[in-house]
Amino acid sequence: METLSTPLVSLPSQTNPESRTVKNDGRNRLVFSLIDQCTNRRQLKQIHAHMLRTGLFFDAYSASKLFTACALSSFSSLEYARKVFDEIPEPNLYTWNTLIRAYSWSPKPIESVEIFLRMLCESPYFPNKFTFPFLIKAAAELSRSRVGQVFHGMVVKLSLGDDVFVLNSLIHFYASCGDLDFAYQVFVRIGEKDVVSWNSMISGFVQGGCFDKALELFRGMEAENVKPNVVTMVGVLSACAKMKDLEFGRWVRSYIEQNGIKMDLTLSNAMLDMYVKCGSVEDAKILFDRMEEKDIVSWTTMIDGYAKLGEYDVAKSFLDVMPTQEIATWNALISAYDQNGKPQEALAIFHELQLSENVNLDELTFVSTLSSCAQLGAMDVGEWIHENIKKQRMKLNCHLTTSLIDMYSKCGNLEKALEIFNSVERRDVFVWSAMIAGLAMHGRGRAAIDLFFRMQEAKVKPNAVTFTNVLCACSHTGLVEEGRMLFNQMEPVYGVVPGAKHYACMVDILGRAGLMEEAVEFIEKMPITPSASVWGALLGACKIHENVELAEQACSRLLELEPENHGALVLLSNIYAKTGKWDNVSELRKRMRVSGLQKEPGCSSIEVNGTTHKFLAGDNSHPLSKEIYSKLDEIVAKLKSSGYVTNKSHLLQLIDEENMKEQALNLHSEKLAIAFGLISTNPSQPIRIVKNLRVCGDCHSVAKLISKLYDREILLRDRYRFHHFSGGYCSCMDYW
DNA sequence: CTAGGGTTAG
């Protein structure tokens, strides 16, 4: 028997190349069987060559056979397949469908649509019931609502609207575009639902966050006698995970056992994830140890579980004993640290990774690490990554572009962020939104709004995040009129329903501008319950405009929603201090002490030569502490001789002695960081500081003066925005 | 000769 272990030289080659009509005789069948047995690209190419020689390639049916192997086999490439396709003189419908199918899986599903259009123009065929599932799958991958809707229309017109395969793919499509209502309408109208119909709808509901509906359907299956399978259970477990319902998860496990559903790798992984998300790493570990087959997902899930619990050592020990060290697992650890507010630890892992030789950093490594750099303001590491991306000639996709823009913006280098933004070819909604956010946090409100409109010209639809960012820009720059207009257009013009964040932004815009009555009225008219952030914004405005009465109301509303929110009390106490109500301040302090609420300690960090130094107020743990304090004394003396008077209302605590007050202010973490920056960085370099809370008024005035007296640029990022101090001025124009 | 649904990280 001929197999491919036999050299391909023995291929039959007697067919006359002149004759283009090739019969399906035995010899052809041999070629087809060889195609099926191909295990690598070389063999495939040899068969291709042979078929060209013999003319078999010019027979549409035979060409389709070869083409299928080119397009769908794991060892071939789509690029090659495409070349083969373009050589086929008259591809048949099967061949067209296969190419559409191949692209629908590929990283470029849009090509499916392009091929489909070509087919309509160039071929004599109409799409059939096989074409649409592939095509609709591509539309789902693209999340392009309009495109899929057009296909749905064609399905109906071509009378394919009762094919269960086509309809199932439409359920999946609508669900992945977030149109759960449409998906459900398709679902209920299917006459003979099969298990895939149910599964598609269940996963659709799970992914759309409608867990109750998903579980309702799961029970509905039983009622209609459709037996759930592995995929059903994956969906149901995923719902448990997202609801964090461990009890139900355990019930599902026994259901799986009782119904004899075979636990395959994916189902086991889904169950691991359920246990981890529901907080039982113990159960996960037992299952993990019993699993015969484990893949990268299993390991990653475990590592992620331990890392999120803060058991980083255990997480790392998993990483060390993994059979193959894959970058995905390292990425999981980095991103777990990053998202759990431990960016420094994330960077430590990244450094370890840089040293290990057998793992190659990938795009996700960079995305997660850049996010940590952004959090910390660690621009040196961020720049290293940027350099490396260039060196590796890694293509800047939208994910990476967004991360880089975010990192540079948050590290204070807005120009670099803009440079990247202007240089990339592709900009999706996230890229635009990140750039708008960057401009906003640097106080370039006008530019942010301009960019928002340029985004419309580029035909990119803004989403909820875009609006949060652009409204934020308005609030930082005091653009009340623009903010009002944008907010009012959100739903009618852009179809984005304003959420809690947008309302909070609007209250912030109005409140900061001193339009307190309008802000209150705005809150009263809100169609959704005002969230804590809405009251927080009002409270913040009360601080600026010294409105004690309203502040008290806002604060109590805020505490109703978030009793643990110490920030609210701190803010209120600041307002009391600012208006000289020291009795109220001390009463509040007592209340905070009694309830065990503590002010989040202010902390400033500064990166010098790739190392981040952290300072708390009054901190003397730094090795250069002595030098820092003497620098601070020098600064204070210089400030005083230039006529500066401390504004003591910025103090939270009631401190009796006047000079104590002054001292406490002088020990604020940002001042320590600036002093350290002055002694440890090159005078030509700006001093870059990141503060976890908002900068206090006194520190703000002092920073302005230092920038002038020492002729140094200071970039201070606080919780909300950037302050560029230079020549005695701040970029926020004291509006913050 | 072809098809649709599933787990992790972002």
Side-chain angles (χ1 to χ4, degrees), chain A residues 24 32 35-36 61-62 64-69 71-72 92-102 104 128-137 140 160 163-173 175-176 183 186-187 190 193-204 206-207 228-239 241 263-274 276-277 294-305 307-308 326-336 338-339 362-371 397-400 402-403 430:
Chain A
N24 264 338
F32 299 155
I35 290 175
D36 290 339
Y61 178 81
S62 310
S64 78
K65 274 285 192 191
L66 175 75
F67 177 69
T68 304
L72 304 180
N92 59 18
L93 182 53
Y94 174 82
T95 307
W96 283 103
N97 284 346
T98 306
L99 185 58
I100 292 170
R101 174 187 182 186
S104 75
N128 63 3
K129 63 175 179 176
F130 295 108
T131 317
F132 284 105
F134 305 137
L135 203 52
I136 293 167
K137 159 102 174 156
L160 296 168
D163 183 277
V164 71
F165 279 84
V166 174
L167 292 172
N168 289 347
S169 68
L170 279 169
I171 295 176
H172 173 75
F173 158 74
S176 64
V186 174
F187 173 77
I190 301 179
K193 301 181 189 64
D194 65 7
V195 66
V196 179
S197 319
W198 290 91
N199 290 348
S200 304
M201 199 59 238
I202 289 176
S203 342
V206 173
Q207 270 145 32
N229 65 8
V230 192
V231 179
T232 322
M233 300 325 289
V234 170
V236 172
L237 279 176
S238 171
M263 286 279 280
D264 68 2
L265 182 59
T266 307
L267 185 53
S268 301
N269 284 342
M271 196 173 287
L272 277 185
D273 182 54
M274 181 276 291
V276 163
K277 295 253 163 72
K294 297 173 181 112
D295 68 354
I296 184 73
V297 176
S298 333
W299 286 93
T300 308
T301 305
M302 292 307 293
I303 289 172
D304 193 49
K308 289 212 166 113
E326 284 191 51
I327 189 65
T329 335
W330 287 87
N331 292 346
L333 197 58
I334 293 178
S335 87
D338 177 61
Q339 285 172 12
D362 73 358
E363 178 197 299
L364 219 78
T365 324
F366 292 150
V367 169
S368 307
T369 310
L370 283 171
S371 156
N397 61 18
C398 289
H399 253 286
L400 264 179
T402 307
S403 304
F430 295 100

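Computation of the quantities below employed the complete heavy-atom set of this structure, encompassing side-chain atoms and omitting hydrogens, waters and symmetry-equivalent molecules. Sequence lines set the chain letters: A, B, ... in the order given, protein chains first and strands last, and positions in each chain run from 1. Everything quoted here is computed from the prediction, not taken from an experiment.
As rounded to whole Å, 6 Å separates atom P of B:dG10 from atom NZ of A:Lys308. Taking atom CD1 on A:Ile327 and atom C1' on B:dG10, their separation rounds to 14 Å, with Å as the unit. Rounded to whole angstrom, the span from the CG atom of A:Leu272 across to the P atom of B:dT8 amounts to 11 Å. A:Trp299 places its CH2 atom 17 Å from the C1' atom of B:dA9, with the value rounded to the nearest Å. Between A:Leu237 atom CG and B:dG6 atom C1' there is a gap of 11 Å when expressed in whole angstrom units. Atoms CG (A:Asn128) and P (B:dC1) sit 13 Å apart, rounded to a whole Å. In this structure, A:Met263 atom CE and B:dT7 atom P are separated by 15 Å, rounded to whole Å. When rounded to the nearest whole Å, the span between CZ of A:Phe67 and P of B:dT2 equals 16 Å.
Proximity note for A:Ala270 (side chain, C-beta onward) versus B:dT2, B:dT7, B:dG6: the nearest is B:dT7. Picking from B:dC1, B:dA3, B:dG6 the nucleotide with the shortest atom distance to the side chain of A:Ser203 gives B:dG6. Candidate nucleotides B:dA3, B:dC1, B:dG6 were compared by shortest atom distance to the side chain of A:Pro133, and B:dA3 ranks first. The side chain of A:Asp304 lies closest to B:dA9, out of B:dT7, B:dG6, B:dA9. The side chain of A:Leu364 lies closest to B:dG10, out of B:dT8, B:dC1, B:dG10. Nearest nucleotide to the side chain of A:His399, out of B:dA3, B:dC1, B:dG10: B:dG10. Of the candidate nucleotides B:dG10, B:dT7, B:dT2, B:dG10 has the atom nearest to the side chain of A:Gln339. Checking B:dG10, B:dA3, B:dC1 against the side-chain heavy atoms of A:Ser335 singles out B:dG10 as nearest. Closest contact between the side chain of A:Thr266 and the listed nucleotides B:dT2, B:dG6, B:dC1 involves B:dG6. For A:Thr300, the side-chain atoms get nearest to B:dA9 when compared with the rest of B:dG6, B:dC1, B:dA9.
Between atom OG of residue A:Ser203 and atom CH2 of residue A:Trp198 there is a gap of 13.0 Å, rounded to the nearest 0.5 Å.
The residue A:Asp295 sits apart from the nucleic acid: no heavy atom pair falls under 4.0 Å. Counting non-hydrogen atoms under 4.0 angstrom, A:Val230 reaches a base of the nucleic acid. Using a 4.0 Å heavy-atom distance criterion, A:Asn97 is classed as a base contact. Heavy atoms of A:Lys65 sit nowhere under 4.0 angstrom from any nucleic acid atom.
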### Query
Would A:Asn269 and A:Thr301 satisfy side chain to side chain contact (heavy atoms under 4.5 Å, CB included), going step by step from the backbone distance to the final call?
CA-CA 8 Å; A:Asn269 284 342; A:Thr301 305; 5.5 Å; no

### Task
Go through A:Ser335 and A:Val367 one step at a time and tell me if the side chain to side chain contact (heavy atoms under 4.5 Å, CB included) criterion holds.
CA-CA 9 Å; A:Ser335 87; A:Val367 169; over 6 Å; no

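Residues passing the ring pair (Phe, Tyr, Trp, His ring centres under 6.0 Å) test with A:Phe134, sequence neighbours excluded: none. Qualifying ring pair (Phe, Tyr, Trp, His ring centres under 6.0 Å) partners for A:Trp330, counting only residues two or more places apart in sequence or in other chains: none.
Put simply, the side chain of A:Asp264 and the base of B:dG6 share a donor and an acceptor less than 3.5 Å apart.
Residue A:Phe165 and nucleotide B:dA3 are classified as a stacked aromatic pair, their ring centres being separated by less than 5.5 Å at an interplanar angle below 30°.
Phosphate contact (OP1/OP2 of B:dG10, side-chain N/O of A:Ser368, threshold under 4.0 Å): absent.
In summary, the side chains of A:Thr95 and A:Asn92 do present a donor paired with an acceptor at a separation below 3.5 Å, with no hydrogens or angles considered.
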